Amino acid sequence: MESFDVLIIGGGPAGTMTGIELRKKGYKTCIIDKEAFPREKLCGGLLTQKSVDLITRHCPGLDPSDFVVEQSDTVDFFYQGEKINRFRTKRVYYFTERTIFDDLLIRYYLELGGKLLQQVPLKIDDIHFRKSTLTTGSSTYNYKYLVGADGCNSVLCKAARIKRHDFLCVKGKISRDLRQEKELRIYFNVAKRGYGWYFPRKEYYCVGMGGEESGKKICYRAKRFFREEFDQQVLQIKGAFLPSGRKLNTRRLPKNTIPVGDAAGFTDPVTGEGLYFAMLSGILAAGAIDASAKSQNKNVIGLYNKNVLPIWKNIRAARFWKSVLFFSPFLKTFMKHLKTHTSFALFYLERVIATGEFDYTNFLKVYFLKIRSIH
Ligand SMILES: Cc1cc2nc3c(=O)[nH]c(=O)nc-3n(C[C@H](O)[C@H](O)[C@H](O)COP(=O)(O)OP(=O)(O)OC[C@H]3O[C@@H](n4cnc5c(N)ncnc54)[C@H](O)[C@@H]3O)c2cc1C
């Protein structure tokens, strides 16, 4: 039986970042993934400035130009078939291909000496919480700590019978005329408490939709949105789940087990941004494991929950803002306001979403008390 300090289920950004941070601290780690890298992951591929900053801070030597395939400083808002306004942001938005991005992170982890088992799809019965072992075929692995970084369909959550609250998102591709502008578009009021998007990539546009609706309804709405909004046919339409932002009850998990990223339910419920929170929670998980190992405090999930409390506070505040923003009469008035006023949208796009300088717990207060009074 091979023993590891930490076994990590899933080699997406959450699992890999956990592995990278732990390898830097010298822990013996193994990532187990059901796919072979490079692998595809359904995603809009939008990376905010705070995500790029986090990567450059924690993965020295990784150059953003290795994974950024496109960038844009132009955001167009649409509402009821009409372009409301165009916002030129001081902070650019970056776009990546997950095939490239996730592979680069995995390779970075491997270079630090981490182990990776690929094409190993774990099942519920493979996880033995009581014995702290994982079984894959004829092999058994022993662990001190277990990290679930296996996304929305988390086998870890299933094994612990944790109820999840995820929504289906739909995305597709349309070809890109390279002479055209590379603006980023957000379509409001096309899905219930959600939005439609149009993101530039190197050779195509990634279009999609997410909202708080059943899978069947969102598929129907997405197809209608694609048909009505774009002249060209939308190709390769696929769907995948995204956490809703509702907190998961992790009390069923053993004290040496941590969920990170989508598996833990971390996402910005307004924008659907998950990459930043996946990587950040991975870093915080590694910090909690290190603290637990050094202090002999076996309750690593307790330490981790303290570390991620600010993320949950931010997400809870974001859910409140979302309920206000997508309340029909408010959204209508807000869109009307945005036709002539750009300062609030720019503040939100640049300093809340892009850099995370302010979060949902304080951005309205900061804007109305400090920023607006200056303008
Ligand atoms: C349509 C769509 C568009 C999105 N667009 C954006 C965006 O533009 N920007 C953004 O920031 N976020 C976006 N997100 C969210 C983002 O994709 C996720 O938040 C992010 O991928 C979470 O990373 P993760 O590492 O937690 O999980 P994942 O990236 O899902 O990685 C999980 C890994 O676990 C592996 N795995 C799963 N089950 C098992 C198993 N049983 N055994 C072994 N391995 C397993 C998988 O193969 C995978 O490699 C989008 C999501 C969707 C659905």
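Start at 1 and go down the list; that is how both ligands and their atoms are numbered. Since this is a predicted model, take the numbers as computed values, not measurements.
- Put simply, no part of Phe266 is less than 4.0 Å from ligand 1, judged by heavy atoms.
- The main-chain N or O of Gly11 is found under 3.5 Å from a side-chain atom of Thr16 such that the two form a donor-acceptor pair.
- At the top of the distance list for atom 37 (C) of ligand 1, counting protein heavy atoms only, stands Asp150 O, 3.4 Å.
- Residue Leu122 places at least one N or O, backbone or side chain, under 3.5 Å from an N or O of ligand 1.
- Contact annotation for Lys34 and ligand 1: heavy atoms of both the backbone and the side chain come within less than 4.0 Å of the ligand.
- Close N/O approach between Val170 and ligand 1 is not found [any backbone or side-chain N/O within under 3.5 Å].
- The shortest N or O to N or O distance between Lys171 and ligand 1 is not under 3.5 Å.
- Side-chain atoms of Lys28 come within 3.5 Å of backbone N or O of Ser3 as a donor-acceptor pair.
- Ion pairing between a basic and an acidic side chain is recognised when a charged N comes within 4.0 Å of a carboxylate O; Arg176 and Glu70 show such pairing.
- For the ligand labelled ligand 1, residue Lys238 lies outside the 4.0 Å heavy-atom shell.
- Ring-plane geometry between Trp321 and Tyr348 is classed as perpendicular, the angle between the planes exceeding 60 degrees on a 0 to 90 degree scale with a lower cut at 30.
- Where the criterion is an N or O separation shorter than 3.5 Å, residue side chain and backbone included, Pro121 fails it with respect to ligand 1.
- Summarising the contacts of atom 48 (C) of ligand 1 with Leu46, Asp33, Asp166, the nearest heavy atom is found in Asp33.
- Contact check for Asp33 versus Ile106: no side-chain heavy atoms found under the 4.5 Å cut-off.
- Contact atoms of ligand 1 toward Gly272: 12 (N), 13 (C), 14 (N), 15 (C) (distance under 4.0 Å to a heavy atom of the residue).
- Judged by distance alone, the side chain of Arg319 and the main-chain N or O of Pro269 form no donor-acceptor pair under 3.5 Å.
- Distance from atom 51 (C) of ligand 1 to its nearest protein heavy atom, with residue and atom name: Leu242 CD1, 3.6 Å.
- The backbone N or O of Gly302 sits nowhere less than 3.5 Å from a side-chain atom of Asn305 that would complete a donor-acceptor pair.
- For ligand 1 and Glu35, the ligand atoms under 4.0 Å from any heavy atom of the residue are 47 (O).
- Atoms of ligand 1 lying under 4.0 Å from any heavy atom of Ala14, numbered from 1 in the order shown and given with element: 24 (P), 25 (O), 26 (O).
- In terms of protein heavy-atom proximity, atom 12 (N) of ligand 1 is closest to Gly274 N, 3.1 Å.
- The atoms of ligand 1 that sit less than 4.0 Å from any heavy atom of Gly261 are 26 (O).
- For the ligand labelled ligand 1, residue Lys123 lies outside the 4.0 Å heavy-atom shell.
- For the residue pair Thr48 and Tyr276, no side-chain donor N or O sits within less than 3.5 Å of a side-chain acceptor on the partner.
- Not a single heavy atom of Thr267 sits under 4.0 Å from any atom of ligand 1.
- Between Asp102 and ligand 1, a contact under 3.5 Å exists for no N or O pair.
- Here the protein heavy atom with the shortest distance to atom 32 (C) of ligand 1 is Ala149 O, 3.4 Å.
- Against a heavy-atom cut-off of under 4.0 Å, Val120 is close to the following atoms of ligand 1: 42 (N), 43 (C).
- Close contacts of ligand 1 with Gly151, meaning ligand atoms under 4.0 Å from a residue heavy atom, involve 27 (O), 30 (O), 32 (C).
- Of the polar atoms of Gly45, at least one N or O is found under 3.5 Å from an N or O of ligand 1, judged by distance alone.
- The backbone N or O of Glu273 lies less than 3.5 Å from no partner atom in the side chain of Asp268, so there is not a single donor-acceptor pair.
- Residues Val366 and Phe320 share a hydrophobic cluster, clusters being chains of Ile/Leu/Val/Met/Phe/Trp/Tyr side chains in contact below 4.5 Å.
- Remark: distances from the non-hydrogen atoms of Asn153 to ligand 1 are all 4.0 Å or more.
- The shortest N or O to N or O distance between Leu42 and ligand 1 is not below 3.5 Å.
- A salt bridge links Arg86 with Glu181: the distance from a Lys NZ or Arg NE/NH1/NH2 to an Asp or Glu carboxylate oxygen falls below 4.0 Å.
- Taking atom 1 (C) of ligand 1 as the reference point, the nearest protein heavy-atom neighbour is Cys169 CB, 3.5 Å.
- The closest donor-acceptor contact from the side chain of Glu213 to the backbone of Lys192 lies under 3.5 Å.
- Here Arg98 has side-chain heavy atoms under 4.0 Å from ligand 1, and that is the only part of it that gets that close.
- Of the protein's non-hydrogen atoms, Cys43 SG, 3.4 Å is the one closest to atom 6 (C) of ligand 1.
- Ring orientation note: the planes of Phe188 and Phe326 are tilted relative to one another, at an angle of 30° to 60°.
- Ranking protein heavy atoms by distance to atom 30 (O) of ligand 1, first place goes to Lys41 CE, 3.3 Å.
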Would you sort out whether Phe334 and Phe344 count as a ring pair (Phe, Tyr, Trp, His ring centres under 6.0 Å), showing the intermediate values?
-> CA-CA 10 Å; Phe334 186 53; Phe344 178 77; 5.8 Å; yes
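- In this structure, the side chain of Thr29 does not engage the main chain of Arg23 through any donor-acceptor pair within 3.5 Å.
- In terms of protein heavy-atom proximity, atom 26 (O) of ligand 1 is nearest to Asp262 N, 2.9 Å.
- For Asp53 and Arg57, the salt-bridge test fails: no basic side-chain N is under 4.0 Å from an acidic carboxylate O.
- Distances below 4.0 Å separate heavy atoms of Phe241 from the following atoms of ligand 1: 53 (C).
- Between Glu2 and Lys115 a salt bridge is recorded (basic side-chain N to carboxylate O distance below 4.0 Å).
- The shortest N or O to N or O distance between Gly44 and ligand 1 is below 3.5 Å.
- Numbered from 1 in the order shown, with element, the atoms of ligand 1 that lie under 4.0 Å from a heavy atom of Ala240 read 53 (C).
- Within the 3.5 Å criterion, the main-chain N or O of Glu21 finds no donor-acceptor partner in the side chain of Tyr27.
- Paired with Asp102 under the rule salt bridge (Lys or Arg N to Asp or Glu O under 4.0 Å), one option of Arg39, Arg107, Lys41 passes, and it is Arg39.
- With a 4.0 Å cut-off on non-hydrogen atoms, Ile32 touches ligand 1 through its backbone and not its side chain.
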